[in-house]
Structure formats: structure tokens, C-alpha cells
Amino acid sequence: YLFAVFISSWQLGPVSQYMINDYCGKLKDTFARAVQYGILSEEDAQCFSVQMSFESGFFVLVGGAAMLAVVATFVTKACAQYFRDVDMADKESPCASSMSDSGFTNTESDDCDSSVPMDAGFSARIDPVPVLFTDSFRWLLHACPVSPEMTPP
């Protein structure tokens, strides 16, 4: 969005002079007299003109947008990992502990009570590992040494 604002404001001056000043033919005499009497400078003697310049506010806006993007990514990934961890904790059951540690996910049946064993060879799907919050923002995380006094009873 900010790139579009930059490009459009860069082009606004020439476009405004071309489009608007063509319709101000009746005011040319008035502007010529204002220049003659010193009321207007020759540069300002036109119907409509836009001069583009980037002030410090534009750079503050770009910096704020960059910071907002980083913070939004941080919060979104942290929430997604939190809800993923909560779902994983809820899905842990006696049935889940009896499954093998092969990394296969059975796609044909999700029932624990199924008496027919499923073939884990070709009927299983390996899910890709998602990129988590702890992967993206590991530079913000640090390990705290755990002392025996701090462990919960």
C-alpha cells in the first residue's frame, strides 16, 4: 500500500497539470494579470498544481508499518502455536499413547475402538511439520535454568 502511495504521489504533479490545467483556459487571462501586477509568481500562475515531497511523517509511517507487520506476525504465530499446543494436549488419550512412534497418521479411521488394525505402510500419510512460533522467533526465547526448588510439587 505504501509503495502505491509513493508511486502515485510521484506521478500526481505531472498528471494534475496535464488534466486540470487544460480545463482552465478561461482563467489564463486572470492569471496573466496577477503575474503582471506581482500578485502571483509565474510558477504559481496556474489553475491547479501539486508538488510532491516526502516529509518526515512518511518515513515514520513506513517504520510504523514495518513494526506493525513484525508485531502482527509475532502475535499471530504465538496464538497459533498456543492453540495447537492446547489441541495436542486435548487429543492425548490412552488411544494416542498406544500408537507407534512411527510418525504416520492414519487417514482412513480416527476411531480408537477400531478392532481391525490398519496397515501403516501405504495407507498412511506423513504430515509436514509446520513452522511454529518457536521456529520463527527463537532469537527472542531463552532457556531459564530450572532449580530443584522451582519444580512444582
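If you read the sequence from its start, that first residue is 1, and numbering goes on from there. Just so you know, these numbers use all the heavy atoms, side chains as well, and skip hydrogens, waters and symmetry mates.
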Practice task
Sequence neighbours left out, what passes side chain to side chain contact (heavy atoms under 4.5 Å, CB included) with P130? Give chain and number order.
Solution key: R84, L132

Practice task
Could you work out the complete set of other residues in the hydrophobic cluster of V86, with links drawn between I, L, V, M, F, W and Y side chains under 4.5 Å apart?
Solution key: Y82, F83

Check residues 68-76 and write down every donor-acceptor pair under 3.5 Å in which the side-chain atom is one partner and the other belongs to a residue at least two apart or another chain.
{"unit_1": "T73", "atom_1": "OG1", "unit_2": "A69", "atom_2": "O", "d": "2.8"}
{"unit_1": "T76", "atom_1": "OG1", "unit_2": "A72", "atom_2": "O", "d": "2.7"}

Handout entry: All pairs passing side chain to side chain donor-acceptor pair (under 3.5 Å) where residues 30-40 contributes a residue, at least two apart
Key =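 Pairs touching residues 30-40 that pass the test: none.
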
Exercise for the section: Could you note down all residue pairs passing side chain to side chain donor-acceptor pair (under 3.5 Å) where residues 54-67 supplies at least one of them, sequence neighbours left out? Expected result: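 Every side chain to side chain donor-acceptor pair (under 3.5 Å) pair that includes a residue of residues 54-67, provided the two are not neighbours, is S53-E55.
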
Handout entry: Any V131 side-chain heavy atom under 4.5 Å of K77 side chain
Key =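 With C-beta onward as the side chain, the pair touches.
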
Exercise for the section: Not counting sequence neighbours, which residues clear salt bridge (charged side-chain N to carboxylate O under 4.0 Å, His left out) with D85? List them please. Expected result: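 With neighbours one apart ignored, the set is empty.
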
Problem - Same apolar cluster (I L V M F W Y, side chains within < 4.5 Å links), F59/L61 - result: yes

Exercise for the section: Quick one: pull up CZ in F133 and CD in Q81 and give me the separation to the nearest 0.5 Å. Expected result: 7.5 Å

